[in-house]
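Below: the structure, in structure tokens.
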Amino acid sequence: MVVTRFAPSPTGYLHIGGLRTALFSWLWARKNGGNFLLRIEDTDMKRNSEDAMKAILEAFDWVGLDYDAEVVYQSKRFGLYAEYIERLLEEGKAYRCYMGKDELDALRQEQMARGERPRYDGRYRDFDGTPPEGVQPVIRIKAPLEGEIVFSDGIKGEIRIAATEVDDFIIARSDGTPTYNFVVAIDDALMGLTDVIRGDDHLYNTPKQLVVYEALGFTPPRFYHVPMINNEEGRKLSKRDGALDVMEYRKMGYLPEALLNFLVRLGWSRGDQEIFSIEEMLEYFDPSNINKSASSYNLDKLVWLNGHYINNTTNERLASLLKEDFDMDISGHDRVEFLLDATKTRSKTLVELRDNIELIIESPEEYDPKAFKKAFKGEAHEILADFARRLQSYEGELHLPTEYHRVMEEFVKEREIGFGKIGQPLRVALLGRMTGPGMDEVMAILGVRESVERISRLLSRLEELKAQ
RNA sequence: GGCCCCUUCAUCUAGCGGUUAGGAUUCCAGGUUUUCAUCCUGGCCACAGGAGUUCGAGUCUCCUAGGGGUCACCA
């Protein structure tokens, strides 16, 4: 049985790095038919963990990650932690330290001045005298004095930290509340974690947590420390690096499967494969194949993946995504299929898709001057007028793009002109610009009537200009 | 600064002692197309540096440099 977890602190929202470790943990649990648990590290009590959890679950829901059992809030388990603190105190594995904050700071200053590593000096470790008056003690755990703490990381291999690097760290503050490294170890053990997949930045917490495991007689899980994701400058990805809230990606028009695919390939790979469905991720993912080095995220690849997924998503789903996320309801349009077929290959995001659709279904208000000028040289005006008449004669008979295409073909053949001669003027008339989907597709979407109308509008505009 | 981790094209990466160092994205060129996009073809671009070990090193060892992480009564 594999049990993994995602244990964020309540900082407000889920960012891209968090989602990646969550994805890794989720994949590993689901792949092995195990459990994926959620816990919120809110021993600090300063932030609103309910709202933070809500934001995280919203993001999970969007990308399709689910979890088992109930969310564990550490703030609701203080009684439990207190029992363990008491036990360690009784067993002499932890002790009260009466050193005040100021005193501690002074000690650190001294050590730094001497070029030493700042650490607690253990002065109350074996204290049995009379405690100073009026000082609320903190509780410290006895860390080993010598030797080294060794553990095998599933990604980095064997990690050895000298015991002198780990001091008797505080497990309970003077107000009695427990601290992070203490409760993490307890909860991971109690929740039955077998595999802890977390960020690289926790590597140094591991020896501390191992001290707790040892003191309490718990069996540690297997650890996997996933390298960080850096920003494009190669620096640590911070929350200020722009739109890093996972939900921002939704607003920018990314598909959840594209985002997940992008993230899973950051630090993990399987040969040359770039595209992974969730099923494939579940089939192939293994945390021990995760890279040792940090990666930096680069939007180009995500954009490309998103384009790929949009291109390969059914029109039905695209229509419903546009409705849900971008307030565009095209379900009433009688040529939805043609409309999406014509626009999806030209869109890298749903935002672009929406814009491209708008460009077609809304009659052009004005014409791109450059395109206009370029398209209407020579006899273009006359050709277009002629084509409009031809089109009109087919009203009610044309439906498919191929049928419109045949009309165009016939037309250029009779007039002995190239496709470009009619294509460009027509495009400006229908779309107002010189780029866009094929004219047969556009006409099939608009229908004969609307197409002719748009042509007429341009033609009369042309007359106006001539009159001036 | 101490300790720990990391280092293959601009970016994501393959490589697990013998390869013309592969793929993808970006960029460039060509093809397809009535235009644009998609798509297809091709091109540019990398083993951080230096010592070893070895018949042979991107792959193993050490050193240097660079990057990152961490050193709280935060998590």
Report summary line: Contacts of M228(A) and P178(A) projected onto RNA chain B by closest heavy atom; the upstream (5') one is M228(A)

Query raised in the report: Please give, in whole Å, the distance from rC71(B) C1' to Q209(A) CD?
Result: 15 Å

Query - Within the 6.0 Å centroid threshold, strictly below: Y124(A) and Y98(A) - result: yes

Requested in this report: Can you tell me, in whole Å, how much space there is between the P of rU8(B) and that of rG49(B)?
Outcome: 11 Å

Query raised in the report: If the P atom of rC62(B) is compared with that of rC6(B), how far apart are they to the nearest Å?
Result: 12 Å

Report task. For R140(A) and R96(A), indicate whether the former's side chain and the latter's backbone hold a donor-acceptor pair under 3.5 Å. Result -> no

Report summary line: Per-nt protein contacts along nucleotides 4-15 of chain B (heavy atom under 4.0 Å; B base, S backbone sugar-phosphate only, - none) come out as SSSS---SBSS-

Requested in this report: Flag the pair R123(A) and E103(A) as a salt bridge only when some basic side-chain nitrogen lies within less than 4.0 angstrom of an acidic carboxylate oxygen.
Outcome: yes

Query raised in the report: When the P atoms of rA48(B) and rA57(B) are considered, how many whole Å apart are they?
Result: 16 Å

Query - Residue matched to rA21(B) through Watson-Crick or wobble contacts both under 3.5 angstrom - result: none

Report task. Assert yes or no for the condition that the ring centre distance of F60(A) to Y67(A) is strictly below 6.0 Å. Result -> no

Report summary line: Rounded to whole Å, NE2 of H202(A) lies from P of rA75(B) at a distance of 12 Å

Query raised in the report: Should R108(A) be listed as having a side-chain N or O under 4.0 Å from OP1 or OP2 of rC73(B)?
Result: yes

**Report entry** D300(A) CG - rU25(B) P separation (whole Å)
**Finding:** 11 Å

Query raised in the report: Any donor-acceptor pair under 3.5 Å linking the side chain of D42(A) with the backbone of S75(A)?
Result: yes

Query raised in the report: Less than 6.0 Å separating the ring centroids of W268(A) and Y284(A)?
Result: no

Report summary line: Mate of rA51(B) across any strand shown (Watson-Crick or G-U wobble, both atom pairs under 3.5 Å) is rU61(B)

**Report entry** Separation of M328(A) CE from I330(A) CD1 (nearest 0.5 Å)
**Finding:** 7.0 Å

Query raised in the report: Roughly how far apart, to the nearest Å, are rA14(B) and rU25(B) at atom C1'?
Result: 15 Å

Report task. Answer with base, sugar-phosphate or nothing: what part of the nucleic acid does N230(A) contact at a heavy-atom distance below 4.0 Å? Result -> nothing

Query raised in the report: Hey, what's the ring geometry for Y254(A) with Y249(A), parallel, tilted or perpendicular (30° and 60° as the breaks)?
Result: tilted

Report task. Pick base, sugar-phosphate or nothing for L426(A), based on heavy-atom distances below 4.0 Å to the nucleic acid. Result -> nothing

Report task. With a 3.5 angstrom cut-off on both distances, give the Watson-Crick or G-U wobble partner of rC3(B), or none if there isn't one. Result -> rG69(B)

Report summary line: Taken to the nearest whole Å, CD1/I275(A) to C1'/rG23(B) is 12 Å

Query - Integer angstrom distance from the P of rG58(B) to that of rA46(B) - result: 15 Å

Report summary line: Partner of rA14(B) under the Watson-Crick or G-U wobble criteria, both distances under 3.5 Å, comes out as none

**Report entry** Distance between C1' atoms of rC9(B) and rG43(B) (Å, rounded)
**Finding:** 14 Å

**Report entry** Nearest-angstrom distance from the residue atom OH of Y73(A) to P of rA75(B)
**Finding:** 17 Å

Query raised in the report: For F169(A) and rU70(B), what is the distance between atoms CZ and P respectively, to the nearest whole Å?
Result: 17 Å

Report task. Give the rounded distance in Å between these two atoms: CG of D153(A) and P of rG69(B). Result -> 18 Å

Report task. Let me have a per-nucleotide readout for nucleotides 28-45 of chain B, 5' to 3', with B, S or -, counting only protein heavy atoms under 4.0 Å. Result -> ------BBBBS-------

**Report entry** Near-ring test F419(A)/H405(A), centroid separation under 6.0 angstrom
**Finding:** yes

**Report entry** Backbone N/O of T313(A) and side chain of K344(A): donor-acceptor pair under 3.5 Å
**Finding:** yes

Query raised in the report: Ignoring hydrogens and geometry, is there a side-chain-to-backbone donor-acceptor pair from R265(A) to Q273(A) under 3.5 Å?
Result: yes

Requested in this report: Pick the P atom in rC45(B) and in rG31(B), then give their distance to the nearest Å.
Outcome: 23 Å

Query raised in the report: Applying a 3.5 Å limit to both distances, which nucleotide forms a Watson-Crick or G-U wobble pair with rA37(B)?
Result: none

Requested in this report: Go through the N and O atoms of the side chain of D42(A) and the base of rA75(B), and report whether any donor-acceptor pair is under 3.5 Å.
Outcome: no

Query - Atom P, compared across rU19(B) and rU38(B): separation rounded to whole Å - result: 38 Å

Query raised in the report: What is the distance from CZ of R96(A) to P of rC73(B), rounded to the nearest Å?
Result: 18 Å

